[in-house]
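Let me begin by presenting the structure, written as structure tokens, before commenting on it.
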Amino acid sequence: GAVVSQHPSWVICKSGTSVKIECRSLDFQATTMFWYRQFPKQSLMLMATSNEGSKATYEQGVEKDKFLINHASLTLSTLTVTSAHPEDSSFYICSAGEGQGSGEQYFGPGTRLTVT
Amino acid sequence: GESVGLHLPTLSVQEGDNSIINCAYSNSASDYFIWYKQESGKGPQFIIDIRSNMDKRQGQRVTVLLNKTVKHLSLQIAATQPGDSAVYFCAENTGNQFYFGTGTSLTVIP
């Protein structure tokens with residue numbers, strides 16, 4: 001099946017710094033990718049929809065200036081957590097599908113962010 | 001968003017028994033649903049999907065049932081094995097986005 005990768009798998013950063021997380025579709029092109037956030041023992045919460053070549057669509061309550069999304073190519077979307085704080089510590093997961101509209105989503109392995 | 005972050009309910013079953021995991025979805029306009037399995041520290045893994053024009057779909061050892069009247073999904077796992085221990089989420093597709101249910105933590109007792 002289709003493979004989605006994320007990098008890094010785990011990052012520890014100091015409060016106030018910015019962290020970039022990459023999401024790549026390895027063997028297919030994805031015009032749309034999704035970014036989720038997951039706290040321990042909780043469900044995935046959709047943060048934003050990343051659209052290739054255009055601005056991301058953010059869910060209500062998600063700060064777009066805090067979580068910068070760039071979908072520069074059909075195989076890469078990046079999420080940058082700016083001025084990270086300890087409350088941003090979480091598991092960030094991306095997903096991508098092979099077509100637009102409803103269809104199977106392939107998930108990356110996730111990135112664990114720890115802000116100290 | 002349509003998912004709510006709540007602490008996970010748990011389900012424990014004996015190895016070899018059948019498991020039934022339930023999920024209530026929120027949007028009657030959702031037309032596509034997926035069940036995912038997530039092991040600790042990993043991303044979700046696709047199990048089975050179903051479109052809204054169906055009420056049942058079977059895979060290998062798994063069956064998904066969809067009741068649109070009450071907006072309810074269930075995942076049945078036959079002959080549950082220790083490797084099935086994980087957190088299971090249902091996801092509903094609304095428009096072009098997926099929203100996840102609360103999830104259920106399944107523990108298989110050998």
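These values consider heavy atoms only, across backbone and side chains, with no hydrogens, waters or symmetry-generated copies.
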> For the residue pair Phe89(B) and Gln42(A), what are the closest heavy atoms and their distance?
Replying inline: CZ-O, 3.9 Å

>> Between Gln38(B) and chain A, with a heavy-atom cut-off of 4.5 Å, which part of the residue counts as in contact: side chain, backbone, both or neither?
In response: side chain

> Out of curiosity, does Phe98(B) fall in the hydrophobic cluster containing Trp35(B) (side-chain heavy atoms, cut-off under 4.5 Å, transitive links)?
Replying inline: no

> When hydrophobic residues are tied together by side-chain contacts of less than 4.5 Å, even through go-betweens, does Val87(B) share a cluster with Leu73(B)?
Replying inline: no

>> Please check if the number of heavy atoms outside Glu87(A) that lie under 6.0 Å from its CD is greater than 12.
In response: yes

>> Does any backbone or side-chain atom of Phe39(A) lie under 4.5 Å from a heavy atom of chain B? Answer side chain, backbone, both or neither.
In response: neither

> Are Phe107(A) and Phe100(B) close enough that their ring centers fall under 6.0 Å?
Replying inline: yes

> Met54(B), Ile47(B): one ILVMFWY side-chain cluster at the under-4.5 Å cut-off?
Replying inline: yes

>> With a sphere of 6.0 Å drawn around NE2 of His7(A), does it hold more than 12 non-hydrogen atoms of other residues, nucleotides or ligands?
In response: no

>> If hydrophobic clusters are built by linking Ile, Leu, Val, Met, Phe, Trp and Tyr wherever their side-chain heavy atoms come under 4.5 Å apart, do Ile50(B) and Ile34(B) end up in the same one?
In response: no

> Is there a donor-acceptor pair closer than 3.5 Å between any side-chain N or O of Ser43(A) and the backbone N or O of Gly103(B)?
Replying inline: no

>> I need the single residue from Tyr32(B), Tyr36(B), Phe46(B) that forms a side chain to side chain contact (heavy atoms under 4.5 Å, CB included) with Gln105(A). Which is it?
In response: Tyr36(B)

>> Looking at every non-hydrogen atom in both residues, tell me the closest pair between Lys42(B) and Phe91(A) and how far apart they are.
In response: O-CE2, 3.7 Å

> Which heavy atom of Ile93(A) sits nearest a heavy atom of Gly43(B), and at what distance?
Replying inline: CD1-CA, 4.5 Å

>> Does any backbone or side-chain atom of Gln38(A) lie under 4.5 Å from a heavy atom of chain B? Answer side chain, backbone, both or neither.
In response: side chain

>> Are more than 12 heavy atoms, taken from residues, nucleotides or ligands other than Lys66(A), located less than 6.0 Å from that residue's NZ atom?
In response: yes

